[in-house]
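The chains referred to below are lettered A, B, ... by the order of the sequence lines, with proteins before strands, and numbering in each begins at 1.
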There are 2 protein chains.
Amino acid sequence: MPDRTNERKKRVTIVDVAKAAGVALSSASAALNNRPGVSNETRKRIAAKAEELGYAPSLRGRSLSSKRTFSVGLVIQRDIDVLESDPFFGSFITGIEEVISHRDYALVLQISKNEEETLERYRKLSLDGRVDGVFLNELRINDERAELIKELDLPAVAINSADSLKLPNVRQDASVPFRQLTELLIEQGHTRIGHVSGPREFLHSFVREHAWEETLKQHCLPIGPIFTGDFTYEGGKKAAFALMRDKNRPTAVVCSNDLMAVGFIQGCKDLGMRVPQDVSVTGYDGIALSTYIRPTLVTAKTNPRHLAREAAEMLMQIVDGGQPQNRTIPPATIVYGNSVGKAPRAENNF
Amino acid sequence: MPDRTNERKKRVTIVDVAKAAGVALSSASAALNNRPGVSNETRKRIAAKAEELGYAPSLRGRSLSSKRTFSVGLVIQRDIDVLESDPFFGSFITGIEEVISHRDYALVLQISKNEEETLERYRKLSLDGRVDGVFLNELRINDERAELIKELDLPAVAINSADSLKLPNVRQDASVPFRQLTELLIEQGHTRIGHVSGPREFLHSFVREHAWEETLKQHCLPIGPIFTGDFTYEGGKKAAFALMRDKNRPTAVVCSNDLMAVGFIQGCKDLGMRVPQDVSVTGYDGIALSTYIRPTLVTAKTNPRHLAREAAEMLMQIVDGGQPQNRTIPPATIVYGNSVGKAPRAENNF
DNA sequence: TAATAAAGCCGAAACGTTTCGGTTTAACAA
DNA sequence: TTGTTAAACCGAAACGTTTCGGCTTTATTA
């Protein structure tokens with residue numbers, strides 16, 4: 001009598017399928033993967049047996065043999081407090097999933113606290129052979145990840161990278177909407193237009209700041225005061241305190257993202273100013289929060305999900321051995337909230 | 001002359017290490033995994049050689065052989081619009097990472113649109129052998145996942161499950177803070193206290209609603225009007241329109257989460273009511289947004305990160321063959337914002 | 001009809017580990 | 001000295017695929 005206590009369901013392997021169909025293992029493999037070299041008739045028979053036995057290919061066996069993992073990696077470098085109020089990754093991940101899940105790929109997600117750890121994570125993902133490729137975002141000027149992935153020979157797609165980094169890239173240009181936002185303020189009569197930027201080392205901070213600056217130059221306006229923020233609400237608030245207590249304070253401020261804009265507005269309110277009567281504010285991202293607050297924010301709505309879809313498609317192509325061209329998606333579109341108004345005529349003291 | 005064009009860096013395997021150290025493959029394996037059966041001397045020699053050759057064990061080989069993947073899975077069932085403004089998963093994932101990364105585990109993250117797809121994802125994660133275990137959250141009454149993971153024999157840890165589902169569980173009890181919030185309103189003289197709940201099928205909706213109801217009963221107060229929301233901002237706004245246009249409207253409302261509370265407050269404002277003078281509002285979660293709005297929200301701050309850490313530790317134990325006890329973390333603590341005030345003395349008409 | 005090509009199929013190796021039973025060596029007790 | 005035991009070490013199998021060279025069979029061409 002067999003001992004049933006320790007009986008474990010044995011996995012149905014491709015060997016079982018091959019035996020059941022009366023063919024060689026290699027034929028079963030070819031048939032099930034739709035590769036040539038097996039007649040239609042036997043192909044069907046094998047497929048039928050596989051179905052009948054409930055065969056599900058083992059990812060483990062497959063990846064050892066094929067040297068592929070059918071996974072892609074994303075490392076998010078974020079302070080937890082920031083991550084909580086950052087809607088970017090939710091939609092970015094959704095976009096990735098939309099593409100890769102159809103190809104039976106999965107996403108490995110990691111979170112890191114600083115640049116050093118981020119590099120370590122990417123390195124380990126590659127050395128462990130955990131992923132076939134990775135996404136890179138929030139690139140820095142001279143981002144070390146660029147050379148790392150070359151050193152590791154790791155397929156990668158970057159988001160809003162710079163050409164100089166020579167990475168496969170998908171871009172949603174920010175300079176167009178930042179120009180539009182700045183010109184929107186100019187049209188309203190503002191002449192002293194400040195900027196709350198992100199940390200200087202980020203490429204995207206730079207692009208945004210640059211677009212703001214160039215637009216002012218082209219309109220022969222002074223380059224208003226600038227505050228280097230950190231993309232957080234608190235940072236935006238600090239910016240308000242730093243920029244708006246000055247006699248010569250700007251009458252309008254272009255913020256590098258929505259969260260800082262919201263913080264900036266709150267900071268202005270705390271200082272006793274009204275938005276948009278005393279000061280106009282714009283953001284960038286188009287997060288939900290920008291419609292929850294009053295005044296609602298004038299901003300530009302980006303599309304992380306679309307960005308992610310394109311990036312994922314590119315990565316899939318690279319993993320398949322292709323060399324896809326860089327892609328571009330349409331720029332963010334302006335969202336007309338209530339945080340922008342006419343330039344105040346005279347200066348009030350607060 | 002060797003052809004260098006197609007030369008690929010060959011991976012350093014444990015066989016190379018064994019050869020270099022002059023031992024059998026099996027000894028090298030034992031040594032590198034700190035298993036007994038190898039002398040200290042040779043252990044050192046093997047480790048040295050491994051270091052020297054830059055040996056990194058192949059996860060692929062390891063997982064095929066050991067039948068482990070060193071990955072855990074999480075399926076997030078969320079509409080993308082909701083996901084964007086949901087800070088829960090950011091911190092939840094952070095908590096998971098904090099525990100599993102030290103054990104060289106990685107997180108596989110998937111997103112699904114509906115219940116059916118969610119089940120499919122969990123099933124596939126298991127059948128593919130992609131993960132060693134999974135997390136389950138936002139459980140429903142009679143959640144189908146419970147039997148699925150039993151059928152699949154898949155290690156799992158649930159978040160705020162019900163005992164009836166018989167899942168390893170980690171809980172942060174919501175009834176305590178909901179009682180406290182309700183009593184806070186009662187202390188302020190409110191006698192008509194409504195509730196904006198989450199969808200009825202969720203266990204956590206039920207717990208929150210129940211705590212509110214029981215507290216009212218114990219204080220011999222009428223069970224105020226209830227609106228079944230959907231945990232979104234828009235849902236909260238709708239709730240305000242539904243509940244607050246009535247003559248006999250409540251003077252205070254306990255919302256099942258912050259996002260609905262924020263929407264509710266905006267809805268009240270749109271109706272011309274002041275918070276907290278005309279109506280008091282409470283939330284639950286303690287998201288950053290609750291401090292960005294005015295009035296700031298009276299709420300209770302939950303700790304998804306802590307929850308996740310405990311859950312991840314439990315899952316690691318289960319994966320190691322243990323049978324851990326259910327865990328509980330301290331309940332959310334009340335955050336005193338400005339959205340609660342004394343009950344208005346007379347009824348105003350709007 | 002014989003030579004050739006192509007399609008269909010097979011067997012075996014390879015991927016890089018873990019695991020397990022067996023053999024050798026060393027240490028110790030009788 | 002000899003027998004016993006445990007520790008150290010080894011060899012081979014197993015995990016479940018993919019891949020590749022070679023063998024049959026059938027179809028095609030001269």
Side-chain angles (χ1 to χ4, degrees), chain A residues 8-47 49-50 53-71 104 127-130 132 319-321, chain B residues 6 8-47 49-50 53-71 104 127-130 132 320-321:
Chain A
R8 288 199 61 79
K9 258 183 283 185
K10 282 263 307 184
R11 180 174 196 108
V12 179
T13 76
I14 198 172
V15 178
D16 301 326
V17 176
K19 270 185 194 152
V23 298
L25 151 64
S26 51
S27 303
S29 174
L32 294 171
N33 288 300
N34 281 322
R35 267 195 303 270
V38 41
S39 72
N40 251 327
E41 194 189 355
T42 46
R43 190 183 298 272
K44 267 183 200 158
R45 187 158 39 99
I46 291 168
K49 280 296 173 192
L53 298 178
Y55 167 70
S58 153
L59 204 71
R60 286 196 267 262
R62 212 136 84 101
S63 56
L64 180 59
S65 178
S66 68
K67 300 183 170 238
R68 280 178 151 205
T69 60
F70 304 95
S71 304
D104 283 335
L127 290 185
D128 284 354
R130 226 183 231 290
D132 297 336
V319 162
D320 287 343
Chain B
N6 253 350
R8 289 199 60 80
K9 257 183 283 185
K10 282 265 306 185
R11 183 179 192 101
V12 179
T13 75
I14 197 171
V15 178
D16 302 325
V17 175
K19 269 185 195 152
V23 298
L25 150 65
S26 50
S27 302
S29 174
L32 294 171
N33 288 299
N34 281 323
R35 266 196 305 270
V38 41
S39 71
N40 252 328
E41 194 190 353
T42 47
R43 190 182 297 273
K44 268 184 201 157
R45 188 158 37 101
I46 291 169
K49 280 295 173 193
L53 297 178
Y55 167 69
S58 153
L59 204 73
R60 288 197 265 264
R62 211 136 86 99
S63 56
L64 179 60
S65 177
S66 67
K67 301 182 170 236
R68 279 178 155 208
T69 61
F70 303 95
S71 306
D104 283 334
L127 290 185
D128 284 354
R130 228 185 229 289
D132 297 337
D320 288 342

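- The shortest side-chain heavy-atom distance between A:N40 and A:R43 falls under the 4.5 Å cut-off.
- Of the candidate nucleotides C:dC10, D:dG16, C:dT17, D:dG16 has the atom nearest to the side chain of A:S58.
- Considering only side-chain N and O atoms, B:R35 lies under 4.0 angstrom from the phosphate OP1 or OP2 of C:dT19.
- Nearest-nucleotide mapping onto DNA chain C: of A:L25 and A:R43, the residue sitting toward the 5' end is A:R43.
- Taking every heavy atom of both residues into account, A:Y55 and A:V12 meet most closely at CD1-O, 3.3 Å.
- Among the heavy atoms of the strands, none lies under 4.0 Å from B:A31.
- Side-chain to base pairing of B:S65 with C:dT17: one donor and one acceptor N or O lie within less than 3.5 Å of each other.
- Contacts of B:T13 with the nucleic acid, taken as non-hydrogen atoms under 4.0 Å apart, involve only primed sugar atoms and P, OP1 or OP2.
- Taking only side-chain atoms of A:N33, from C-beta outward, the nucleotide of D:dT18, C:dT17, D:dC15 with the closest atom is D:dT18.
- Rounded to whole Å, atom P of C:dT18 lies 14 Å from atom CZ of A:R60.
- For D:dT18, one of the phosphate oxygens OP1 or OP2 lies less than 4.0 angstrom from a side-chain nitrogen or oxygen of A:R62.
- Proximity of a side-chain donor or acceptor of A:R11 to a complementary backbone N or O of A:A56 within less than 3.5 Å is detected.
- Using a 4.0 Å heavy-atom criterion, one finds that B:A28 contacts no nucleic acid atom at all.
- Distance check, rounded to the nearest 0.5 Å: CG of A:L59 to CG of A:L64 gives 11.5 Å.
- Among the atoms of the strands shown, only primed sugar atoms or phosphate atoms (P, OP1, OP2) are found under 4.0 Å from some heavy atom of B:T42.
- Put simply, CD1 on B:I14 is 14 Å from C1' on D:dC9, counting in whole angstrom units.
- Atom pair A:L64:CG and C:dG16:P shows a separation of 7 Å (rounding to whole Å applied).
- Protein atom CG of B:D128 is 19 Å distant from nucleotide atom P of D:dC15, rounded to whole Å.
- Nucleic acid contact class of B:S29 (heavy atoms, under 4.0 Å, all strands): base.
- Between B:G61 and B:N40, the residue anchored nearer the 5' end of DNA chain D, judged by the nucleotide with its closest heavy atom, is B:N40.
- Separating the CZ atom of A:F70 from the P atom of D:dG16 is a distance of 17 Å, rounded to the nearest angstrom.
- Side-chain atoms of A:S66 come within 3.5 Å of backbone atoms of A:R62 as a donor-acceptor pair (strictly under, hydrogens ignored).
- Sequence order on DNA chain D of the closest nucleotides to B:S27 and A:Y55 puts B:S27 first from the 5' end.
- Taking atom NZ on A:K19 and atom C1' on C:dC9, their separation rounds to 18 Å, with Å as the unit.
- Whole-Å rounding puts the B:L59 CG to C:dT18 P distance at 11 Å.
- End-to-end axis angle of the helix from C:dT1-D:dA30 to C:dA30-D:dT1, from C1' rotation axes over five pairs per end: 50° (rounded to 10 degrees).
- Proximity of B:T69 to B:R130: side-chain heavy atoms (C-beta onward) are nowhere separated by under 4.5 Å.
- Rounding to the nearest 0.5 Å places CG of A:L53 at 9.5 Å from OG1 of A:T13.
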Could you give the side-chain donor-acceptor pairs of residues 19-36 of chain A under 3.5 Å, partners two or more places apart or in another chain?
unit_1: A:S29; atom_1: OG; unit_2: A:R35; atom_2: NH2; d: 3.3
unit_1: A:N33; atom_1: ND2; unit_2: A:S29; atom_2: O; d: 2.9

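- B:G22 comes within 4.0 angstrom of sugar-phosphate atoms only, judged by non-hydrogen atoms across all strands, and of no base.
- The phosphate of D:dC10 (OP1 or OP2) has no side-chain N or O of B:S26 nearer than 4.0 angstrom.
- The salt bridge (Lys or Arg N to Asp or Glu O under 4.0 Å) test with B:R68 singles out one residue from B:D320, B:D104, B:D132, and that residue is B:D320.
- Here the P atom of nucleotide C:dT17 and the CG atom of B:L32 are 9 Å apart, to the nearest Å.
- Note on B:P57: only backbone sugar-phosphate atoms sit closer than 4.0 angstrom, heavy atoms only; bases stay farther off.
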